[in-house]
Amino acid sequence: MISKTTRTRFAPSPTGFMHVGNLRTALYAYLLARSQGGRFILRIEDTDQARYVDGAVQVIYDTLKTAGLSHDEGPDVGGDFGPYIQSERREIYREHALELVRRGAAYYCFCEKQEPAENDGENVSGGYDGHCRNLSPAEVDAALAAGKPYVIRQKIDREGSTTFHDAVFGEITIENKVLDDQILLKSDGMPTYNFANVVDDHLMGITHVVRGSEYLPSTPKYNQLYRAFGWEIPEYVHLPLIMGRNADGEIAKLSKRHGSVSFENLVQDGFLPAAIINYIALLGWSPKSDRELFTLPELEELFTLSGLNKSPAVFDYDKLRWMNGEYMKQLPAGEFARLSRPFAGTEIGELDAKWAMVAELLHSRIETFREIPEKIAFLLKLPEYSAELFLNKKSKCDPAAAAEILREYLPLFEALPTWNYDELNSLVSDRIAATGANMRRVMWALRIAASGLTVTPGGAVEILYLVGKEEALRRIRKALELIGA
RNA sequence: GUCCCCAUCGUCUAGUGGCCUAGGACACCGGGUUCUCAUCCCGGCAACAUGGGUUCGACUCCCAUUGGGGAUGCCA
C-alpha cells in the first residue's frame with residue numbers, strides 16, 4: 001500500500017480575531033501533519049465579502065506565528081497549490097460549478113433570495129423548495145440571456161442514505177432525504193464554503209480534513225460533490241466543540257459572552273501563548289498519561305488521532321490560569337521581569353528602576369500578568385487602614401507593641417545612609433538578634449506600617465526598600481499617628 | 001419540528017470485559033514549611049445519568065429512556 005504524505009490545512013475566514021476553537025482546530029491540524037512528517041497548509045477563506053474585515057488576514061498570520069504554528073504553504077509563504085486565498089480562485093470555482101452543471105449534479109437557480117424563514121409557531125422544515133431544479137435547458141438559456149441573477153445549486157441525490165467514516169466519530173449514516181440543494185455558487189460569483197472547501201481540499205491534495213463537528217451533518221453533501229467529480233474522499237477528522245458556561249451555569253458553544261475567547265484577548269489578559277496552546281491541546285485530546293505540561297515540539301511528537309475525544313469540552317478559565325502560573329514559574333527571572341513590566345502600567349515611579357525585585361516578588365504570586373496592577377497598588381499608594389491591623393495573635397502583636405517597635409526603628413532607618421535592600425535587611429536582623437526581640441512581632445509591625453495590608457507580596461523589609469526611604473519613613477510616622485501613641 | 005452526535009468526580013480527562021474498593025489534574029477543604037501571603041510538601045472531599053439486556057463477569061458491548069450539544073443560511 002502506498003501511503004501518501006499527510007497534508008492538512010487550516011482554513012480560517014478573516015474575521016479579525018482568532019477564536020480559541022479555531023486555534024485548536026489549527027493546532028490539531030498542525031500536530032497531525034507534524035506528527036506524521038506531513039505538510040500543514042494555510043488557506044484563507046474570504047468568500048463572504050460582507051464579512052470582510054481590514055487587516056484580518058494579518059491577525060491570522062500573527063496569531064499562528066506567536067502560537068508557533070508554522071505553515072509550509074500559504075498566501076505569505078507560497079507553495080505549489082496556490083493561490084491560497086479563495087477570493088483569488090473565483091475562476092476555479094466557477095469552472096468547477098459549470099462542470100457540475102454539465103454532469104447533471106448542479107443546476108442554475110433564478111429564485112429570489114429567500115428571506116429568513118419565520119420560525120415562530122410550528123417549525124418549518126427549511127430548505128429550498130426545488131423550484132428551479134428541473135428547468136428545461138431552454139428556460140435556463142432564456143433566463144441567462146435576459147441577464148437574470150442566478151446561483152448554482154447542488155442537485156442532491158435524495159435516494160437512500162450516506163455512510164461515511166470519521167477518524168474520531170467512526171461510521172455515521174445520514175438519510176439523503178434530509179439533505180437539501182445547497183447553494184454552490186452565490187449570485188455575486190463567489191463560492192459558498194460548502195463548495196469551496198471541497199474543491200480546494202481536493203485541488204490542494206488535502207488528505208485529512210480537520211474541522212469542527214458542526215460540519216458532521218453536512219458531510220454527506222460534500223461526499224456527493226466528491227463523487228460527482230470522481231474525486232477521492234479525504235479522511236475526515238471532526239473535532240468536538242469547545243463549550244462555555246455562562247453565569248447561570250448554562251452551557252453552549254463558547255462565544256464572547258463567556259469571556260475572552262480569542263487568542264489576542266487571552267494574551268491581553270496576561271496569558272502566555274505557550275500556556276494557551278498547551279491548555280487547548282488538552283481540551284478534547286489526551287496523551288493518555290498523567291502528564292499535562294507539554295511544549296509544542298513534545299506535542300508534535302506525541303499527537304495521535306486516537307487521543308481525540310468525542311464529547312464537547314467546557315473551557316475552564318481556572319485551569320488555564322493554573323497552567324499559565326506553571327508556565328510563568330518556569331520562566332527565568334529576567335524573562336519574567338521583561339514580560340511582566342508592560343502590565344504594570346506607565347505610572348509606577350521609582351518602581352520602574354526596581355522592577356527586577358518587584359517582578360521577583362510577583363513571580364510565584366500571580367497566575368496571569370493582569371493581576372499585577374492590583375498586586376502592586378499598595379506600593380504606589382498607601383491604602384487607608386486602621387490601627388486594628390496591628391493586632392495579630394500569632395505574631396503576638398497589638399497596636400501598643402507596634403508603636404513601641406516603630407519608635408525603636410524609625411531613628412535607625414532615618415540614620416541609614418544608603419537605602420538598599422541588603423543594608424536594610426541586616427539592620428533589622430542585627431537589631432532583632434541584639435535585642436532578642438520576637439522576629440514575627442517586629443516584622444508584623446513593620447509590614448503593616450509599610451504596606452497598610454495584612455497580606456502582601458513580599459515581606460516587611462522588601463516593602464520598606466521598594467517604597468523608598470522618604471516614603472518608608474513617612475509611612476512609619478503615619479502609622480504612629482494612626483495608633484495615636 | 002426534523003436530522004446528527006455525545007454521556008466517568010463541579011470542570012478537563014485515564015479507563016477499550018476481569019488489573020477499578022474507578023487513576024491523574026484544576027477548583028475546593030485541611031495540615032506542614034515561610035517575618036504575612038504565595039511558592040513548595042503532605043492529606044481530604046468528589047463520578048461510571050437511568051432502565052433493560054448480552055456475559056461466569058460490565059465503567060467498558062447492545063437497546064431504550066433521560067439529559068446535553070450541534071445542524072437545518074447566497075456565514076464559515
Side-chain angles (χ1 to χ4, degrees), chain A residues 11-13 15 22 45-48 50-51 109 111 113-114 116-117 119 122-127 149 151-153 166 169 172-175 177-180 182-188 190-194 196-197 211-220 238 240-241 243 245 249-253 279 282-293 306 309-323 325 329 361-367 375 392 394-395 428-429 432 438-448 451 453-463:
Chain A
S13 58
T15 57
N22 282 115
E45 308 223 327
D46 60 344
T47 57
D48 186 359
R51 287 215 297 184
C109 172
C111 294
K113 189 180 282 195
Q114 284 189 328
N119 237 16
E122 284 312 291
N123 285 292
V124 289
S125 68
V151 298
I152 290 180
R153 285 183 186 273
D166 180 86
F169 290 93
I172 290 175
T173 300
I174 290 172
E175 296 296 320
K177 64 178 180 231
V178 305
L179 274 21
D180 68 323
Q182 63 180 349
I183 291 174
L184 267 19
L185 212 61
K186 302 185 251 188
S187 54
D188 65 2
M190 281 291 198
T192 58
Y193 162 85
N194 299 314
N197 92 84
R211 53 155 80 118
S213 68
E214 66 266 33
Y215 293 107
L216 233 24
S218 41
T219 298
H238 285 96
L241 266 17
M243 315 300 285
R245 186 196 292 279
E250 286 160 345
I251 291 176
K253 205 166 163 179
Y279 177 70
L282 263 26
L283 256 193
W285 176 80
S286 166
K288 299 180 188 282
S289 74
D290 288 345
R291 234 235 286 185
E292 298 201 281
L293 267 16
S306 67
N309 216 289
K310 289 188 240 215
S311 39
V314 176
F315 193 92
D316 184 355
Y317 290 93
D318 279 340
K319 185 143 188 180
L320 206 212
R321 228 172 269 129
W322 163 79
M323 192 170 278
K329 278 175 254 166
L361 298 183
L362 258 16
H363 205 154
S364 68
R365 271 169 257 255
I366 57 171
E367 292 187 315
K375 281 271 191 288
N392 182 277
K394 199 175 165 196
S395 296
V428 175
S429 51
I432 288 171
N438 179 324
M439 174 144 154
R440 289 187 97 107
R441 175 168 16 187
V442 173
M443 291 303 186
W444 185 268
L446 291 177
R447 199 165 50 78
I448 299 294
S451 69
L453 299 171
T454 56
V455 173
T456 59
V461 182
E462 283 150 329
I463 296 166

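Below, chains carry the letters A, B, ... as their sequence lines are ordered, and counting in each starts from 1.
- Taking 3.5 Å as the limit, the base of B:A25 and the side chain of A:K319 contain a donor-acceptor pair of atoms between them.
- For B:C37, its base sits under 3.5 Å from the side chain of A:R365 at one donor and acceptor pair at least.
- Atom CD1 of A:I174 is separated from atom P of B:A71 by 13 Å (rounded to the nearest Å).
- Summarising the base pairing, B:C35 is matched to no nucleotide, lacking a Watson-Crick or G-U wobble pair whose two defining distances lie under 3.5 Å.
- The partner of B:C28 is B:G44, judged by Watson-Crick or G-U wobble contacts that both fall below 3.5 Å.
- If you take CE of A:M443 and C1' of B:C37, they are 15 Å apart, rounded to a whole angstrom.
- Residue A:D48 places its side chain closer to B:A76 than to any other of B:A76, B:G24, B:U36.
- A:L241 comes within 4.0 angstrom of sugar-phosphate atoms only, judged by non-hydrogen atoms across all strands, and of no base.
- The base of B:A76 sits within donor-acceptor range of the side chain of A:Y215, with an N or O pair under 3.5 Å.
- At a threshold of 4.0 angstrom between heavy atoms, the contacts of A:R447 include nucleobase atoms, whether or not backbone atoms are also involved.
- Taking 3.5 Å as the limit, the base of B:C37 and the side chain of A:T456 contain no donor-acceptor pair of atoms between them.
- Straight-line distance between the P atoms of B:C12 and B:G68: roughly 16 Å, to the nearest whole Å.
- When each of A:K253 and A:T173 is assigned the nucleotide of RNA chain B with its nearest heavy atom, A:T173 is the one assigned upstream, toward the 5' end.
- Looking at heavy-atom distances under 4.0 Å, A:V151 makes contact with a base.
- Going from the P atom of B:U16 to that of B:A7 covers 16 Å, rounded to whole Å.
- The aromatic ring centroids of A:Y279 and A:Y317 lie 6.0 Å or more from each other.
- Going from atom CG of A:D290 over to atom C1' of B:G15 covers 11 Å, rounded to whole Å.
- Looking at A:N392 and A:R440, their side chains never bring a donor and an acceptor atom within 3.5 Å of each other.
- Taking atom CZ of A:R291 as the reference point, atom P of B:A14 lies 17 Å away to the nearest angstrom.
- In this structure, the NZ atom of A:K329 is 9 Å from the C1' atom of B:A38, given to the nearest Å.
- A cation-pi arrangement is present between A:R447 and A:W444, with the terminal nitrogen or guanidinium carbon under 6.0 Å from the aromatic centre and inside a 45° cone about the axis.
- Atom name P, nucleotides B:C28 and B:A71: the rounded distance is 33 Å, in whole Å.
- Base-pair partner of B:U55: not found among the strands shown (Watson-Crick or G-U wobble, both distances under 3.5 Å).
- Taking atom CZ of A:R321 as the reference point, atom C1' of B:U11 lies 13 Å away to the nearest angstrom.
- Toward the 5' end of RNA chain B, the nearer of the two residues A:S286 and A:C111, judged by each one's closest nucleotide, is A:S286.
- With hydrogens and angles left out, the side chain of A:S364 and the base of B:A38 share a donor-acceptor pair within 3.5 Å.
- One can place CD of A:Q182 at 11 Å from P of B:A76, the figure rounded to the nearest angstrom.
- Atom NE2 of A:H238 is separated from atom P of B:C5 by 12 Å (rounded to the nearest Å).
- Heavy atoms of A:M190 sit nowhere under 4.0 angstrom from any nucleic acid atom.
- Comparing the C1' positions of B:A49 and B:C9 gives an interatomic distance of 13 Å, to the nearest angstrom.
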Would A:D48 and A:R51 count as a salt bridge (Lys or Arg N to Asp or Glu O under 4.0 Å) if you check the C-alpha gap in whole Å, the side-chain angles of each, and the deciding distance to 0.1 Å?
-> CA-CA 6 Å; A:D48 186 359; A:R51 287 215 297 184; 3.5 Å; yes
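- Using a 4.0 Å cut-off between a side-chain N of Lys or Arg and a carboxylate O of Asp or Glu, A:K329 and A:E367 do not qualify as a salt bridge.
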